[in-house]
Trainee: 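Below is the structure I would like to discuss, written out as structure tokens.
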Amino acid sequence: MPVIEVSPSEIPVGKALWEYIKAKDLKQIVAARVDDQIVDVHTPIKATPKSVQLLQPDDKDALMVLRHSTAHVMAEAVKKLFPKAQVTIGPATDSGFYYDYDYEPGFSPEDLEKIEAMMRTIAQTRAPFRRFTMSRDEMKKMFADMGEHFKVEIVDGIPANDELSYYKQGEFVDLCRGPHLPHTGYMKGLKLTHTAGAYWRGDEKNKMLRRIYGVVFFSEAELKKHLEQQEEAKKRDHRKLGKELELFGFHPWAPASPFFMPKGALVYNQLIEYMRGVYEQRGYQEVITPQIFDAELFKRSGHYDNYRDNMYFASTHASTETDEQDAREFSSKPMNCPGHCLLYGMHKHSYRALPYRMADFGRLHRYERSGVTAGLTRVRTFCQDDAHIFCTMGQMQSEMLAFIDLVGEVYPAFGISEWEVKLATRPEKSIGSDEAWTLAEKSLHDALNQRAIKYEVLKGEGAFYGPKIEFHIKDAIGRSWQLGTLQVDFALPERFDLTYVDSDNTEKRPLMLHRAIFGSLERFFGVYLEHTGGNFPGFLAPEQVRVIPVSGDQNPYAQEVLEILLNQGIRAGLDISNEKLGAKIRDAQLMKVPYAGVVGKKEVSERRLAIRKRGGEDLGALPLEEAVAFLVKESAAPKLGTPKGV
RNA sequence: GCUGGCGUAGCUCAGCUGGUAGAGCAACGGUUUUGUAAACCGUAGGUCGCGGGUUCAAGUCCCGCCGCCAGCUCCA
């Protein structure tokens, strides 16, 4: 029961809800929702409301109030222990809270322990949070007198007509809109987790502040559960699994650039093969294009002006020597689109041949700043399931819908049932006309609305050449990653003067859609590895079946079974090591092989195969033919539904 | 790039306030012929990320660089 409904008529106007709560002896009330606004229980009710709900700890908004209030208490503790620290901002987040301080030596792990202890002491005082309002000038003077110049700056940034309020608990005063807890005693499961640098107002030109992150819950038990979940998430970390399952690795001489070992390469190639199957079904044509281009290409495409910071420039020995005629500037491609424009332009196109869906698994290189790379999710070399659709204006909408539908089929085929859709609009640095941008953005809105897909608008976060739809899924630790994308581009066809001959025998300009479903294969690999915890479905597992003889006597039969499986196209392995059955089973289990095929005396004499599923389920000793047929079925790739009107 | 933390054998990790490296697993050799998550014995394996410095002596202290991790900023 997260909320208690209260009849508005029972609420005394001009008085605080807290009095009502005390009078009724209600326990565990965190805050209230009055006419859909979250308010704290100490602030007097101004007029008779339409509805009043009292929030209890299991309400989602109640948790946000707790986190925010805890941030204030942390600031109070920090000010007590480190009076020189200046407070700045401290909000609640999706997972906890943080507070940014301007404090020069910074905070050590030991400091965090002291701060946490101080916060517990403050919690025990059950100090109430009180809200006060003040005029702008008074507020500025108060914080100026306190020496909190960041707060003064924040006051200056608040719109002129907004009411200014501050909250006080104990001796600590903080500019804040609220709402807050009734008192500090509600913070039970508390832990300060880590520190980090953070720029003032998120701008790297500004001063770097010291941020302290923490988590808090209404009970110790919830904190314990949360910490256990974090441990679980760590086990699923794709970097750890990648190492354990011998899938990929890194070397300092190729920072942020993965090496896929044989098993990892197998999975990687299976993903590509799967996508090739999709392409065949959906009318895409695969091409192969160069890796390194004269920088002229990127000057033409706009990448040289807009994307140069992310590009690698290649110089040959000759170009760095004296021969000036050979001193052309070359660059490794960061995207496939410019090359695809060159390819498109190599011959004339009829309207009859459009849409031209040009797919490319070309390797891309993008320079990423050292601090942003991470495992497979953010690398400097990768390949995308990239395709560019050259089509007419009239085909744009149906191509968008076909793509959105395709995404809706592919993700579930991989067991991904939830994703978020975002629409990113024109950024400050961009190419193309206003009209083109407006039309492109409208088309994307329309396509999503037509499929009744909910989406968030990311203002100014589109690519420099066009707006885009992004498909995001979450990894094991709750971080959200963009995988698929659909982008409209009027600019590149213009820049490369691409044309097609229309039915009226005039040359017209095609438009271009950039699209990917997995996004980068590397990122998808990483996210999917975490999603499955390394338990790949049969068709992706590097080793699909491991044949295990109970003792050496069964080796010949095991060998025979292995060959039958291999002939059926199954990626099978054989374990004839000098180990006991239990150890061999364990090895197969640890490598997350989907099926173990055990053969002992009985199986040999009856020509059977005992199948053990990954995880331990025993499927019994099946006649060999039956077992093979079953394993073949289990190792097959998922099939997509029939495309709608391609 | 910025802030903080970390970097010891293929992997996971010991190594207190400085006194010239250790375990388990894996690998290799042997014994064992095994019925669904670890048989036993033995062998080998380390420029302690790299480069300087302090010291009689540095894995341990200091500086620089490289890489990794958590964030900030940026993004597939």
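Below, chain A is the first sequence line, B the second, and so on; all start at residue 1. Since the structure is predicted, the reported quantities are computational estimates derived from the model, not experimental observations.
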Trainee: Quick check for you: among B:U73, B:G35, B:A37, whose closest atom lies nearest to any side-chain atom of A:Q589?
Mentor: B:A37
Trainee: Measure the distance from CG on A:N206 to P on B:C74 and round it to the nearest whole Å.
Mentor: 12 Å
Trainee: Is A:Y367 side chain donor-acceptor paired with the B:G1 base, going by distance under 3.5 Å alone?
Mentor: no
Trainee: Please tabulate, one pair per line, all N/O donor-acceptor pairs under 3.5 Å involving side-chain atoms of residues 515-523 of chain A, not counting sequence neighbours.
Mentor:
from	atom 1	to	atom 2	distance (Å)
A:R515	NH1	A:Y284	OH	3.0
A:R515	NH2	A:Y279	OH	3.1
A:R515	NH2	A:D385	O	2.8
A:S520	OG	A:E522	N	3.4
A:S520	OG	A:R523	N	2.8
A:E522	OE1	A:Y268	OH	3.3
A:E522	OE1	A:C383	N	3.1
A:E522	OE2	A:Y268	OH	2.8
A:E522	OE2	A:R363	NH2	3.3
A:R523	NE	A:T377	O	2.8
A:R523	NH1	A:Q482	O	2.9
A:R523	NH2	A:T377	O	2.9

Trainee: At under 4.0 Å between heavy atoms, what does A:K207 touch on the DNA or RNA strands: base, sugar-phosphate, or nothing?
Mentor: nothing
Trainee: Whether the side chain of A:R612 and the base of B:U36 hold a donor-acceptor pair under 3.5 Å is what I'd like checked.
Mentor: yes
Trainee: Rounded to whole Å, how long is the line connecting atom CE of A:M591 with atom P of B:G10?
Mentor: 18 Å
Trainee: Which string of ( ) [ ] | and . matches RNA chain B, if you list each base 5' to 3' and count Watson-Crick or G-U pairs only when both distances are under 3.5 Å?
Mentor: (((((((..((((.....[..)))).(((((.......))))).....(((((..]....))))))))))))....
Trainee: Looking only at side-chain atoms of A:V550, point me to the closest of B:U34, B:C72, B:U12.
Mentor: B:U34
Trainee: Quick check for you: among B:U12, B:G35, B:U36, whose closest atom lies nearest to any side-chain atom of A:K243?
Mentor: B:U12
Trainee: Using the side-chain heavy atoms of A:Q482, tell me which of these nucleotides is nearest: B:A76, B:G35, B:G1.
Mentor: B:A76
Trainee: Between A:E634 and A:K613, does any side-chain N to carboxylate O distance fall below 4.0 Å?
Mentor: no
Trainee: Given the P atoms of B:A76 and B:G7, what is the spacing between them in whole Å?
Mentor: 34 Å
Trainee: Check every atom of B:G71, B:G35, B:A37 against the side chain of A:L590 and return the nucleotide holding the closest atom.
Mentor: B:A37
Trainee: Can you tell me how far C1' in B:U43 sits from the matching atom in B:A26, rounded to whole Å?
Mentor: 14 Å
Trainee: Taking the six-membered ring for Trp, are the ring centroids of A:F414 and A:Y274 within less than 6.0 Å of each other?
Mentor: yes
Trainee: If you assign each of A:R380 and A:I611 to its closest nucleotide in RNA chain B, which residue comes earlier from the 5' end?
Mentor: A:I611
Trainee: From the options B:C68, B:C72, B:A76, select the nucleotide whose nearest atom is closest to the side chain of A:P255.
Mentor: B:C68
Trainee: Regarding A:E579 and A:K584, does a basic nitrogen lie under 4.0 Å from an acidic carboxylate oxygen?
Mentor: no
Trainee: Name the residue from A:K240, A:K234, A:R239, A:K235 that meets the side chain to side chain donor-acceptor pair (under 3.5 Å) definition with A:D237.
Mentor: A:R239
Trainee: What's the closest nucleotide to the side chain of A:S520 if the choices are B:U33, B:G35, B:A76?
Mentor: B:A76
Trainee: Mapping A:L209 and A:Y307 to their closest nucleotides on RNA chain B, which lands nearer the 5' end?
Mentor: A:L209
Trainee: Under 4.0 Å from any atom of RNA chain B, heavy atoms only: list the residues of residues 413-423 of chain A that qualify, in numerical order.
Mentor: none
Trainee: For the pair made of CD in A:E579 and C1' in B:A26, what is the distance, rounded to whole Å?
Mentor: 11 Å
Trainee: Choosing from B:U34, B:U73, B:A39, which nucleotide comes nearest the side chain of A:V372?
Mentor: B:U73
Trainee: Measuring from the side chain of A:F382 (C-beta onward, heavy atoms only), which nucleotide among B:G1, B:U33, B:A76 has the closest atom?
Mentor: B:A76
Trainee: With centres under 5.5 Å and planes under 30° as the test, does A:W481 stack with B:A76?
Mentor: no
Trainee: Remember a base hit wins even if backbone is also touched, and classify A:G552 as base, sugar-phosphate or nothing at under 4.0 Å, heavy atoms.
Mentor: base
Trainee: So if I take every side-chain heavy atom of A:I585 and compare against B:A37, B:G35, B:G71, which nucleotide ends up nearest?
Mentor: B:A37
